[in-house]
Amino acid sequence: MKLNNVPESLPPARSTYRHGDLRRALLEAGIELARDGGPDAVVLREATRRVGVVPNAAYRHFGSRQELLLAVREAALAAAAQAMEKELAAQPCDQPPADFARGQVRAVGTAYLRFAQSEPGLFRTAFVISDEGRGELGPGKAGESGLDPFQLLGKAIDRLVDAGVLDPARRPNAEYCAWSAVHGLALLIIDGPLREIPPEAAYKLGQQLIDMVERGL
């Protein structure tokens with residue numbers, strides 16, 4: 001999977017950089033650190049070591065570890081959004097509006113759980129709140145549609161309303177309820193007592209949960 005046009009494998013470290021290349025290389029290194037070890041592994045000094053520059057050179061682009069972590073977090077959120085968009089695009093459009101709307105909600109939930117299991121380090125990083133402060137996220141957190149994962153979920157739930165599946169009176173805050181349920185299962189699978197569950201069983205459990213969420217909205 002490519003993360004916002006960041007390749008899965010990093011290019012070899014270079015001793016010289018054109019303008020802008022060092023920041024990109026440091027971000028790529030930070031993404032790989034997050035992929036391997038989650039947010040705690042995103043350390044500016046280790047990123048500079050992997051890229052092959054002295055730590056002081058990094059401060060022109062990232063003034064602190066927090067700044068690098070936020071940039072990596074944006075990339076991780078973008079990757080999650082792109083996974084959702086891919087699942088959404090695979091849904092057949094020639095369905096009755098109600099079926100299409102339900103399928104969109106299912107696609108969002110399915111992609112979210114799949115991303116958590118396939119990229120647990122990036123998933124943890126996407127939703128980390130640093131002790132140094134939350135920080136401001138920029139447009140890099142979104143997918144190709146310009147929407148982040150939470151916005152994609154909200155749009156899918158809006159379709160339920162438009163299709164007459166969800167009573168408008170029940171729409172306020174529905175995305176928080178749906179997100180809480182699916183996110184909780186994701187954490188149980190990657191960090192909790194369901195860590196050893198086989199992939200097939202995890203998928204089936206995820207679909208059961210999404211059924212429950214859809215009926216409860």
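The analysis underlying the following values was restricted to heavy atoms, covering all of them including side chains, and did not include hydrogens, waters or symmetry mates. The shown structure was predicted, so the numbers you read here are calculated from the model rather than taken from an experiment.
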Quick one: salt bridge (charged side-chain N to carboxylate O under 4.0 Å, His left out) pairs with a partner in [range], sequence neighbours left out?
range	answer
residues 207-217	Arg102-Glu214, Arg106-Asp211, Arg106-Glu214
residues 51-60	none
residues 186-200	Arg124-Asp191

Give the minimum heavy-atom separation between [X] and [Y], together with the two atoms involved.
X	Y	answer
Ala163	Ala101	CB-CB, 4.0 Å
Ile189	Ala202	CD1-CB, 4.1 Å
Ala25	Val51	O-CG2, 3.5 Å

Could you tell me whether the side chain of [Y] reaches within less than 4.5 Å of the side chain of [X], counting heavy atoms only?
X	Y	result
Arg170	Leu217	no
Thr48	Val54	no
Leu77	Asp148	no
Tyr203	Gln117	no
His183	Tyr112	yes

Please report, to 0.1 Å, the donor-acceptor pairs under 3.5 Å made by any side chain of residues 153-162, with sequence neighbours excluded.
unit_1: Asp158; atom_1: OD1; unit_2: Arg171; atom_2: NE; d: 2.8
unit_1: Asp158; atom_1: OD1; unit_2: Arg171; atom_2: NH2; d: 3.1
unit_1: Arg159; atom_1: NH1; unit_2: Gln104; atom_2: OE1; d: 3.0

Taking side chain to side chain contact (heavy atoms under 4.5 Å, CB included) as the test, write out the residues that go with [X], two or more places apart.
X	value
Leu205	Leu185, Leu194, Ile197, Gln208
Ala34	Val42, Val72, Leu122, Thr125
Asp94	Pro92
Ala47	Leu26, Ala29, Leu33, Leu68

Inset, instruction - For side-chain contact (heavy atoms from CB on, under 4.5 Å), just list the numbers for Thr110 and Gln207, CA-CA rounded to whole Å, side-chain angles, deciding distance to a tenth of an Å, and then say yes or no. - result: CA-CA 7 Å; Thr110 298; Gln207 294 303 299; 2.9 Å; yes
Inset, instruction - Among residues two or more places apart or on two chains, list those pairs meeting ring pair (Phe, Tyr, Trp, His ring centres under 6.0 Å) that have a residue in residues 35-56. - result: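 Qualifying pairs: none.
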Legend entry - ILVMFWY network linking Leu209 to Ile190, side-chain heavy atoms under 4.5 angstrom: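 Same cluster.
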Legend entry - Path from Val108 to Phe100 over hydrophobic side-chain contacts below 4.5 Å: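 As far as the 4.5 Å side-chain criterion goes, Phe100 and Val108 are not connected within one cluster.
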Legend entry - side chain to side chain donor-acceptor pair (under 3.5 Å) involving Ser145 - partner list, sequence neighbours excluded: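 Expected list: Glu85.
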Inset, instruction - Using side chain to side chain donor-acceptor pair (under 3.5 Å) as the criterion, list what pairs up with Glu46, not counting sequence neighbours. - result: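 Result, side chain to side chain donor-acceptor pair (under 3.5 Å) vs Glu46: Arg49, Arg50.
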Legend entry - Pairing residues for Phe150 by the ring-ring contact (aromatic ring centres under 6.0 Å, His included) criterion, not counting sequence neighbours: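 Testing Phe150 for ring-ring contact (aromatic ring centres under 6.0 Å, His included), a comparison that skips the adjacent residues, returns Tyr176, Trp179.
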